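Right, one structure below, let's go through it.
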2 protein chains.
Amino acid sequence: MNDECNGGIETALDIIVGKWKPVILFHLMSNDTLRFSELQRAIPKITKKMLTAQLRELEYHNIVNRKVYAQIPPKVEYSITEYGKGLKPVLLPMHKWGYQHLQHLDQLYGDNRESELKVK
Amino acid sequence: MNDECNGGIETALDIIVGKWKPVILFHLMSNDTLRFSELQRAIPKITKKMLTAQLRELEYHNIVNRKVYAQIPPKVEYSITEYGKGLKPVLLPMHKWGYQHLQHLDQLYGDNRESELKVK
DNA sequence: CGGTATCCGGTCGGATACTG
DNA sequence: CAGTATCCGACCGGATACCG
């Protein structure tokens, strides 16, 4: 971390931040391939607009693959690219830390703090 | 990653995301202790408002410590908490991946793509 | 020195309706 | 089925001025 150029962190954040990107990546990383509608069902509260937008950004950065089947009705499949799999060493520690952090909070304040957290 | 509950990632992101948090953490992690004005000088483009806001959020999550010296003129020192140091295993892979990603892009498109990146 | 207070523009994301 | 298009409110972050 005593390396110059902290910009690497911002670069990584730019790519994985977005209200829905973590969930999307989570599902794609555990499912190999998913259709647009399958993602929609897996993430009920997301709108098509958002799902499309976030997928496009991930696609732009070569994290996910978009495969269009030229047929009617249309069919589009999304999957993590090989390059995108390189994000696992980034996401796993994040997941681990975040999970432990939640436990830590529960242990400090008890288990029913949804409300307080939301209010921030 | 095939663990349920991807919320851990969002929890972690909530804490380390923010336009200036990565830079702030970077400086605090390599300097042990810094005054408000030192941080300001280290990050020239940040405003007091933003520096205060981001520090307060980090403090709220117990990532940084705020030590106020009751004297005139005032003096406030910031440092990473022991708990905050636990973020290193999260930030280091991020930094590494992001840095490699930048290299990856340079290798693909040549070195003068600042412009394109900004336009996105 | 180390902040608040206030204002304000731009962007993010949600709701809804429409389409090939 | 897999998207666009449009509108719109909320919030994020910058500029500036003031304060203990």
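In this text, all values refer to a predicted model and were calculated from it rather than measured experimentally. Convention: sequence-line order gives letters A, B, ...; per-chain numbering from 1.
There is a side-chain donor-acceptor pair under 3.5 Å between A:His101 and B:Tyr83.
Along DNA chain C, the nucleotide nearest B:Lys75 and the nucleotide nearest A:Gln54 are compared for position; the residue whose nucleotide lies closer to the 5' end is B:Lys75.
Per the geometry, CE belonging to A:Met50 stands 14 Å off P belonging to D:dA5, to the nearest Å. The separation between A:Lys19 atom NZ and D:dC12 atom C1' is 14 Å, rounded to whole Å. Between the P atom of C:dG3 and the CD1 atom of B:Ile72 lies a distance of 14 Å, rounded to the nearest Å. Protein atom CG of A:Leu51 is 17 Å distant from nucleotide atom P of D:dA5, rounded to whole Å. Distance, A:Trp20 CH2 to C:dG13 C1': 10 Å, rounded to whole Å. Taking atom CD1 of B:Ile46 as the reference point, atom C1' of C:dG3 lies 13 Å away to the nearest angstrom. For the pair A:Glu77 CD and D:dG3 P, the interatomic distance rounds to 12 Å; values are reported in whole Å. As rounded to whole Å, 14 Å separates atom P of D:dA2 from atom NZ of A:Lys67.
In terms of phosphate contacts, A:Arg35 brings no side-chain nitrogen or oxygen within less than 4.0 Å of OP1 or OP2 of D:dC1. Close to D:dG3, at under 4.0 Å from its OP1 or OP2, lies a side-chain N or O of A:Arg56.
The end-to-end axis angle of the helix from C:dC1-D:dG20 to C:dG20-D:dC1, rounded to 10 degrees and based on five pairs per end, is 50°.
Of the residues in residues 36-44 of chain B, not one places a heavy atom less than 4.0 Å from an atom of DNA chain D.
We find the CG-CG distance between A:Leu105 and B:Asn62 to be 9.5 Å, quoted to the nearest 0.5 Å.
Taking both residues in full, the closest heavy atoms of B:Ser79 and B:Thr33 are given as CB-OG1, 4.0 Å, listed atom of the first, atom of the second, then distance.
Heavy atoms of other residues, nucleotides or ligands lying less than 6.0 angstrom from NZ of A:Lys96 number 12 at most.
Within the structure, side-chain hydrogen bond (donor to acceptor under 3.5 Å, both in side chains) contacts touching residues 36-45 of chain A (residues at least two apart or in different chains) do not occur.
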Could you run down nucleotides 15-20 of chain C 5' to 3' and tag each one B, S or - for protein heavy-atom contact under 4.0 Å?
B----B

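The side chain to side chain donor-acceptor pair (under 3.5 Å) search around B:Arg66 returns B:Tyr78, not counting sequence neighbours. Among residues two or more places apart in sequence or in another chain, the side chain to side chain contact (heavy atoms under 4.5 Å, CB included) test is passed with B:Gln54 by B:Trp20, B:Lys21, B:Ile24, B:Met50. Legend: residues meeting side chain to side chain donor-acceptor pair (under 3.5 Å) with B:Lys85, ordered by chain and number and at least two apart, are B:Glu82. Residues satisfying the side chain to side chain donor-acceptor pair (under 3.5 Å) test with B:His27, not counting sequence neighbours, are none. Partners of B:Glu77 according to the side chain to side chain donor-acceptor pair (under 3.5 Å) rule, which considers only residues two or more places apart in sequence or in another chain, are B:Tyr69.
Counting any heavy atom pair closer than 4.0 Å across all strands shown, A:Tyr78 reaches sugar-phosphate atoms only and no base atom.
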Please set out all donor-acceptor pairs under 3.5 angstrom arising from side-chain atoms of residues 8-17 of chain B, sequence neighbours excluded.
unit_1	atom_1	unit_2	atom_2	d
B:Thr11	OG1	B:Gly7	O	2.9

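Follow the hydrophobic side-chain contacts under 4.5 Å out from A:Phe36 and you never reach A:Ile72; the two are in separate clusters.
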